Amino acid sequence: MTQRLLEDWCRGMDMNPRKALLVAGIPTTCGVTEIEEALQAGLAPLGEYRLLGRMFRRDENKNVALIGLKIETSSALVPREIPGKGSVWRVIFKSPNADNEFLCRLNEFLQGEGVTIGELTRVLGNRNDPLSLDQAMIPDMRAPVLAQALDEARKPPLQCLRYKKLSIFSGRDPPGPGEKNFESWMFHTCQVMKTWHVSDIEKRRRLIESLRGPAFEIIRVLKKNNPFITVAECLKSLETIFGIIDNPRALQVRYLTTYQKDNEKLSEYVLRLEPLLQRLAQKGLIEREILNQARLDQIVAGAVHKTVRRELGLPEGAAPTLLQLLSLINDKEAEEEEEEEALQAELEGCFT
């Protein structure tokens, strides 16, 4: 019934049903803000999306929401359910056919290993057995990767497999209903992850699935700046923010004495400083209303070159958000790298 509803709703809005999904089981008392908060936490791995509308279903006495995706996605990335108010909410997605599903999972794995579909196709050639590998046609280092890729792709979609989910952690103090404090959550997470025999990308998706509030925002920012961030790096960042320094004075001193290292990029310094800033805010030592300004002040004070504001072209007045600041810094660093490469090429030309 819900699959048909998804198709009919998309047809009525003249949109591709494979770029949409339904979230069912939403209590009628939930407002738009509560729905969007649940979607933000549960659908983060899918990239950009929009809440397009809600509908009341009499048979369930619950609402169902239509979500529009920016791009088509593999069903392996779509969770079967997400935590919501009152209970878990079901997610309904129109899966592609079996052949497309195989190719989606294969392509996702190969991208993570630095191998292309074209390379795999050339390796397979026209052999009678399309899933065998001709070891003589590829380097020894590639063969195990491609063999593992085929094995991964032939597995059923990950969202269809049952796995023990992580406890919920938001970083709020005190924890909200159903949430764990950091120490309990971290111990439980490390134990559960040992039982998961899946890729690091899937582990990261499941980790993000368990996060809410400030904890989710931190990992979202880190992942946006580094799409290849590992689970270990995510956990280390969370531990830095929520797992150390209970003494407020010691935390303030550490933040104010954290400076950029001589050979450290400004973007790396900003991301190293951010966990301490978030910890101060979480402890109530910095008001969240002035978080952006506090960040900029410390970056200017701690940067190796004291002309950060002028170099980035920052206007006087409202300080940029973390994402805006990182965007400006990354653009500046990319420009400097291009100039350095051009200069290097020019110098090499003089000596050839």
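Fair warning: this is a prediction, and the values are worked out from it, not measured in the lab.
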Pairs satisfying salt bridge (charged side-chain N to carboxylate O under 4.0 Å, His left out), at least one member in [range], at least two apart:
| range | answer |
| --- | --- |
| residues 214-227 | Glu217-Arg220 |
| residues 284-304 | Glu274-Arg295 |
| residues 39-52 | Glu48-Lys70 |

State which residues pass side chain to side chain donor-acceptor pair (under 3.5 Å) with [X]; sequence neighbours excluded, sorted by chain then number.
| X | answer |
| --- | --- |
| Thr258 | none |
| Thr307 | Glu311 |
| Asn181 | Ser184 |

Can you list the residues that meet the side chain to side chain contact (heavy atoms under 4.5 Å, CB included) rule with [X], with sequence neighbours excluded?
| X | answer |
| --- | --- |
| Arg309 | Gln293, Leu296, Leu314, Glu316 |
| Thr189 | Leu166, Trp185, Met193, Leu207, Leu235 |
| Lys261 | Glu264, Arg272 |
| Glu209 | Pro79, Tyr163, Lys165, Arg205 |

Non-hydrogen atoms of [X] and [Y] that approach each other most closely:
| X | Y | answer |
| --- | --- | --- |
| Ser210 | Ser167 | CB-O, 3.3 Å |
| Phe56 | Asn63 | CA-OD1, 3.4 Å |
| Trp89 | Pro27 | NE1-CD, 3.6 Å |
| Gln260 | Val304 | OE1-N, 2.9 Å |
| Gly25 | Glu60 | N-OE1, 4.1 Å |

Worksheet item: Please, which pairs that meet side chain to side chain donor-acceptor pair (under 3.5 Å) have at least one residue in residues 325-338, sequence neighbours excluded?
Response: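 Passing the test, one end in residues 325-338: Asn225-Asn330, Lys265-Glu337, Ser267-Glu333.
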Practice prompt. Determine, using the 4.5 Å side-chain heavy-atom cutoff (strictly less than), whether Ile168 and Val231 are members of one ILVMFWY cluster.
Written response: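 No, because Ile168 and Val231 fall into different hydrophobic clusters, even though each may have its own neighbours under 4.5 Å.
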Discussion item. Please check: side-chain N/O of Tyr49 versus main-chain N/O of Gln40, any donor-acceptor pairing under 3.5 Å?
Written reply: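 Looks like yes, one N/O pair under 3.5 Å.
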Worksheet item: For Ile229, does its backbone N or O pair with a side-chain atom of Arg204 as donor and acceptor, under 3.5 Å?
Response: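 Yes.
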So do [Y] and [X] actually touch side chain to side chain, heavy atoms under 4.5 Å?
| X | Y | answer |
| --- | --- | --- |
| Arg172 | Glu179 | yes |
| Arg206 | Val198 | yes |
| Ile35 | Val23 | no |

Working to the nearest 0.5 angstrom, can you tell me the gap between [X] [atom1] and [Y] [atom2]?
| X | Y | atom1 | atom2 | value |
| --- | --- | --- | --- | --- |
| Leu66 | Leu21 | CG | CG | 8.0 Å |
| Ser237 | Gln278 | OG | CD | 11.5 Å |
| Arg254 | Leu273 | CZ | CG | 10.5 Å |
| Ile208 | Ile219 | CD1 | CD1 | 7.0 Å |

Discussion item. Is there a side chain to side chain contact (heavy atoms under 4.5 Å, CB included) between Leu256 and Gln298? Walk through the geometry before answering.
Written reply: CA-CA 7 Å; Leu256 294 173; Gln298 182 56 30; 3.6 Å; yes
Item to complete: Go through the structure and list residues passing ring pair (Phe, Tyr, Trp, His ring centres under 6.0 Å) with Phe182, not counting sequence neighbours.
Response: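 Per chain and number, Phe182 pairs via ring pair (Phe, Tyr, Trp, His ring centres under 6.0 Å) with Phe169.
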Worksheet item: Does NZ in Lys203 sit with more than 12 non-hydrogen atoms of other residues, nucleotides or ligands closer than 6.0 Å?
Response: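 Count over threshold, so yes.
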